[in-house]
Protein chains: 2
Amino acid sequence: MTNIRDLAREAEVSVTTVSRVLNDHPYVAEDKRRAVQDAITKLGYIRNQTAVQLSTGQTKTIGVMLPYVDHPYHAAILHGIAQCAFEEGYRFLTWQTNYIASHEQTVLQALAQREVDGLIVVSHSLPVDEILRYEQYGPIVFCEHHEDVSSVYINHYTAFQSGLKTLQSFGHTQIGICLGRPDSTNSRARKQAYQDTVSPEDTSWIYQQALTIEDGADIARQWSNQSCRPSALLTASDHVAAGIILELRKQGYRIPEDLAVIGFDGSDLAVVLNLTTVAVPYETIGRQAFFIAISDNWRDHPQIEIPTALLSGLTAVKVKE
Amino acid sequence: MTNIRDLAREAEVSVTTVSRVLNDHPYVAEDKRRAVQDAITKLGYIRNQTAVQLSTGQTKTIGVMLPYVDHPYHAAILHGIAQCAFEEGYRFLTWQTNYIASHEQTVLQALAQREVDGLIVVSHSLPVDEILRYEQYGPIVFCEHHEDVSSVYINHYTAFQSGLKTLQSFGHTQIGICLGRPDSTNSRARKQAYQDTVSPEDTSWIYQQALTIEDGADIARQWSNQSCRPSALLTASDHVAAGIILELRKQGYRIPEDLAVIGFDGSDLAVVLNLTTVAVPYETIGRQAFFIAISDNWRDHPQIEIPTALLSGLTAVKVKE
DNA sequence: TTGTAAGCGTTATCAG
DNA sequence: CTGATAACGCTTACAA
């Protein structure tokens with residue numbers, strides 16, 4: 001492998017000069033510059049990035065911690081990160097954690113080991129303080145809201161509230177919700193919105209552990225077996241909404257007449273099923289998170305709230321008198 | 001940042017011994033090993049990966065070139081790669097190219113610059129020989145079939161043929177197809193399967209540039225405006241199938257009575273819409289590609305064909321006599 | 001404008 | 001079993 005010293009010998013200059021040419025530094029005579037460039041093509045030189053990284057102490061790489069790369073909204077965040085990273089000359093390493101704590105530790109370790117300049121935490125199961133202990137090694141940006149932490153997030157409280165109020169404005173009084181992981185920050189905020197906005201007498205209308213299409217189908221069966229059931233449901237995701245709708249239709253129920261359903265995410269599924277849904281600009285979240293991760297004001301713990309929007313579909317309409 | 005030399009000083013041994021302890025080498029006396037370990041905890045030492053990489057000449061990282069991280073099937077391949085990479089102690093860098101040639105060049109450059117030990121090309125627009133020129137720098141594994149190239153792929157010819165034969169077995173004689181990027185390897189194989197299997201008189205039943213849900217809707221409109229139209233359609237992806245079905249239902253047509261539709265991919269969309277589809281195990285493709293990329297027999301250009309399976313749904317059924 | 005030489009933090013060779 | 005010491009390939013004071 002030809003290196004910078006071979007180049008120097010070939011071009012009859014010093015390694016410093018070669019390095020200067022390589023990095024477009026000023027103060028290099030035109031003839032020497034050309035000599036170096038000739039040497040580069042003649043010897044087929046290719047710069048070794050690892051050596052650059054060791055020398056500069058920067059990797060120009062940021063790490064991304066997420067549970068599943070193939071979940072639509074995580075992938076959408078990744079998309080935003082990918083766009084900006086490329087534009088800014090950065091690379092990104094992705095770690096899929098499956099929400100396993102030890103896997104998340106590995107990612108934090110990578111930051112400590114200088115494999116990445118910074119970290120974007122899309123979602124996590126480790127306690128926040130434990131993650132923050134690694135902030136001494138570089139910026140850590142969350143895609144969820146936490147106090148005293150760099151984060152780009154949507155307000156799950158107001159987002160859920162907008163869904164609930166929409167259902168109320170349609171005349172619904174018996175409203176239920178689906179929540180994902182029971183003790184996640186997001187679920188807590190959503191539940192709070194539910195309690196504040198709907199103040200339900202019956203807590204059996206909170207369906208937990210709603211993550212997949214299959215979970216949705218389960219919930220639908222649960223619903224149809226209940227003696228006292230809600231007339232409207234704000235779900236945790238479009239996937240869950242899809243599962244509910246499909247199972248209920250299979251059982252002969254009509255949507256939204258028998259049950260009004262609102263999804264969450266604004267995914268492809270919502271388009272296909274004409275779902276009413278709370279649309280989340282995940283790509284924007286990724287973009288903003290990236291820029292915080294590479295900016296030097298990350299120590300101020302900037303917080304950026306990204307607005308959501310209710311997207312009208314056909315699965316939730318006004319109740320007829 | 002404390003380094004291996006500080007450790008040596010603290011433990012009163014040589015750097016070599018420290019390195020041996022760090023790498024679990026044999027031939028280290030128990031007392032010295034312990035002394036080093038104590039120094040590590042006392043000084044809060046964390047190994048610098050970049051230095052290891054420079055010294056060993058290995059990055060334990062593989063690169064992934066793909067057009068879009070958030071397209072379901074590419075994400076599924078990524079998922080497979082992510083699983084294996086983690087298990088094997090590897091990391092992976094993802095580059096989203098948007099099929100832009102210059103972006104793809106950047107990725108190849110990264111391989112040449114030793115940023116990654118190997119490359120998995122999920123999909124590309126650059127000519128294969130141009131990509132292969134970089135094989136001198138490390139393994140390049142394709143997720144598409146090409147001659148004399150390491151690859152893990154599905155046989156688009158037989159996969160498409162299975163879809164077409166299914167339609168024929170249902171009594172359809174007027175069959176059309178949708179193709180994605182016109183001059184991709186995959187599209188060519190699919191078109192060939194169409195010509196060999198259906199031998200259509202009318203070539204106006206080949207719908208090009210079918211990639212998204214919206215493209216599907218366009219095709220549906222095109223179809224409904226045709227005087228002579230197919231009774232069945234094998235589409236390029238579940239997304240396209242979804243677009244077609246939704247638009248057609250909106251126009252009052254019935255699926256599969258007015259038009260039988262088969263999707264491709266076996267995605268979530270297929271589940272939601274009860275699509276008949278050609279299911280592709282994308283995750284498996286990712287896993288296998290990864291293992292070729294890190295194995296040392298990649299120079300033999302191993303080729304692995306992954307089988308597909310027809311998944312029955314409700315959008316293509318037997319034509320009534 | 002140019003060059004010398006000292007890092008960056010490891011690993012690996014080779015002699016003890 | 002242990003330790004000097006030379007790589008790995010680049011950047012960057014500092015000096016000229």
Side-chain angles (χ1 to χ4, degrees), chain A residues 1-37 39-40 43-61 89 109-117 137-138, chain B residues 1-37 39-40 43-61 89 109-117 137-138:
Chain A
M1 191 172 11
T2 110
N3 63 23
I4 209 179
R5 256 175 283 268
D6 301 331
L7 243 39
R9 198 174 311 122
E10 176 72 25
E12 297 182 312
V13 296
S14 72
V15 290
T16 313
T17 303
V18 174
S19 176
R20 287 206 181 95
V21 173
L22 252 28
N23 295 292
D24 288 322
H25 277 296
Y27 305 131
V28 180
E30 200 41 42
D31 54 331
K32 304 227 173 193
R33 179 185 305 280
R34 202 163 345 238
V36 171
Q37 258 142 9
I40 289 176
L43 268 46
Y45 167 80
I46 291 177
R47 198 211 218 99
N48 183 319
Q49 272 301 328
T50 308
V52 176
Q53 287 174 18
L54 177 60
S55 191
T56 59
Q58 278 201 24
T59 60
K60 286 280 184 181
T61 304
Q109 207 57 28
L111 177 64
Q113 293 186 163
R114 318 275 161 190
E115 289 187 61
V116 294
D117 292 343
Y137 302 110
Chain B
M1 190 172 13
T2 110
N3 63 23
I4 210 178
R5 256 175 281 269
D6 301 331
L7 242 40
R9 197 174 311 121
E10 175 72 26
E12 296 182 311
V13 296
S14 72
V15 289
T16 314
T17 301
V18 174
S19 177
R20 287 207 182 94
V21 173
L22 252 29
N23 294 290
D24 285 324
H25 277 296
Y27 305 132
V28 179
E30 201 40 43
D31 55 331
K32 303 226 174 190
R33 180 185 305 280
R34 199 158 351 230
V36 171
Q37 259 143 10
I40 289 175
L43 268 46
Y45 167 80
I46 291 177
R47 197 212 219 97
N48 182 317
Q49 271 302 329
T50 307
V52 176
Q53 287 173 19
L54 178 60
S55 192
T56 59
Q58 278 201 26
T59 59
K60 285 280 183 180
T61 304
Q109 207 58 27
L111 177 63
Q113 292 185 163
R114 319 275 161 188
E115 288 187 61
V116 293
D117 293 343
Y137 301 110

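Just so you know, these numbers use all the heavy atoms, side chains as well, and skip hydrogens, waters and symmetry mates. Just so we're on the same page: letters track the sequence lines, and every chain starts at 1. The structure presented is a predicted model; accordingly, all values stated were derived computationally and were not measured.
Atom P of nucleotide D:dC10 and atom CD of B:Gln113 are separated by 10 Å, given to the nearest angstrom. C:dG3 atom P lies 13 Å from atom CD1 of A:Ile4, rounded to whole Å. As a whole-Å value, the separation of B:Gln58 CD from C:dG9 P is 22 Å. Atom CD in B:Gln53 sits roughly 15 Å away from atom P in D:dC10 (whole-Å rounding). Between the CD atom of B:Glu12 and the C1' atom of D:dT2 there is a distance of 15 Å, given to the nearest Å. Summarising the geometry, the separation between CZ on B:Arg9 and P on D:dG3 is reported as 15 Å, rounded to the nearest angstrom. With rounding to whole Å, B:Arg33 atom CZ is found 14 Å from D:dG3 atom P. Across the protein-nucleic acid pair, B:Leu22 atom CG and D:dG3 atom P stand 15 Å apart, rounded to whole Å.
For B:Leu54, taking side-chain heavy atoms from C-beta onward, the closest of the listed nucleotides D:dC8, C:dT10, D:dT2 is D:dC8. Closest contact between the side chain of A:Met1 and the listed nucleotides D:dT5, C:dT11, D:dG9 involves D:dG9. In the set D:dG3, C:dG9, D:dG9, the nucleotide with an atom closest to the side chain of A:Asn48 is D:dG9. Residue B:Ala51 places its side chain closer to C:dG9 than to any other of D:dC10, C:dG9, C:dA5. Considering only side-chain atoms of A:Ala29, the nucleotide from D:dG3, D:dC10, C:dT1 that sits closest is C:dT1. The side chain of A:Arg20 approaches C:dT2 more closely than any other nucleotide in the set C:dT2, D:dC10, C:dT10.
Residue A:Asn23 has a polar side-chain atom (N or O) positioned under 4.0 Å from OP1 or OP2 of D:dT11. Remark: A:Ser14 is in phosphate contact with C:dG3, judged by side-chain N or O atoms under 4.0 Å from OP1 or OP2. Side-chain N/O atoms of B:Tyr45 include one lying less than 4.0 angstrom from OP1 or OP2 on C:dT10. Under 4.0 angstrom from either OP1 or OP2 of C:dT11 there lies no side-chain N or O belonging to B:Thr56.
If you check every strand for non-hydrogen atoms under 4.0 Å, A:Thr17 touches sugar and phosphate atoms only. Counting non-hydrogen atoms under 4.0 angstrom, B:Val15 reaches a base of the nucleic acid. Counting any heavy atom pair closer than 4.0 Å across all strands shown, A:Arg47 reaches sugar-phosphate atoms only and no base atom. Across all strands shown, B:Arg5 has heavy atoms under 4.0 Å from base atoms, whether or not it also approaches the sugar-phosphate.
Take the nearest nucleotide of DNA chain D for B:Val28 and for A:Thr16: the residue whose nucleotide is more 5' is B:Val28. Mapping A:Asp31 and B:Asn3 onto DNA chain C by nearest heavy atom places A:Asp31 closer to the 5' end of the strand.
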- Item | Test log, rule side chain to side chain contact (heavy atoms under 4.5 Å, CB included), inputs A:Thr59 and B:Thr50 | CA-CA 8 Å; A:Thr59 60; B:Thr50 307; 4.2 Å; yes

- prompt: Step by step, would you call A:Ser19 with A:Thr16 a side chain to side chain donor-acceptor pair (under 3.5 Å)?
  reply: CA-CA 5 Å; A:Ser19 176; A:Thr16 313; over 6 Å; no

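With contacts defined as side-chain heavy-atom distances shorter than 4.5 Å, the pair A:Met1/B:Arg114 qualifies.
The base of C:dG7 sits with one of its N or O atoms less than 3.5 Å from a complementary donor or acceptor on the side chain of A:Ser55.
The distance from the CZ atom of A:Arg20 to the NZ atom of A:Lys32 is 11.0 Å, given to the nearest 0.5 Å.
Judged by distance alone, the side chain of B:Asn23 and the main-chain N or O of B:His25 form no donor-acceptor pair under 3.5 Å.
Salt-bridge annotation for A:Asp6 and A:Arg9: present, with a side-chain N of the basic residue lying under 4.0 Å from a carboxylate O of the acidic one.
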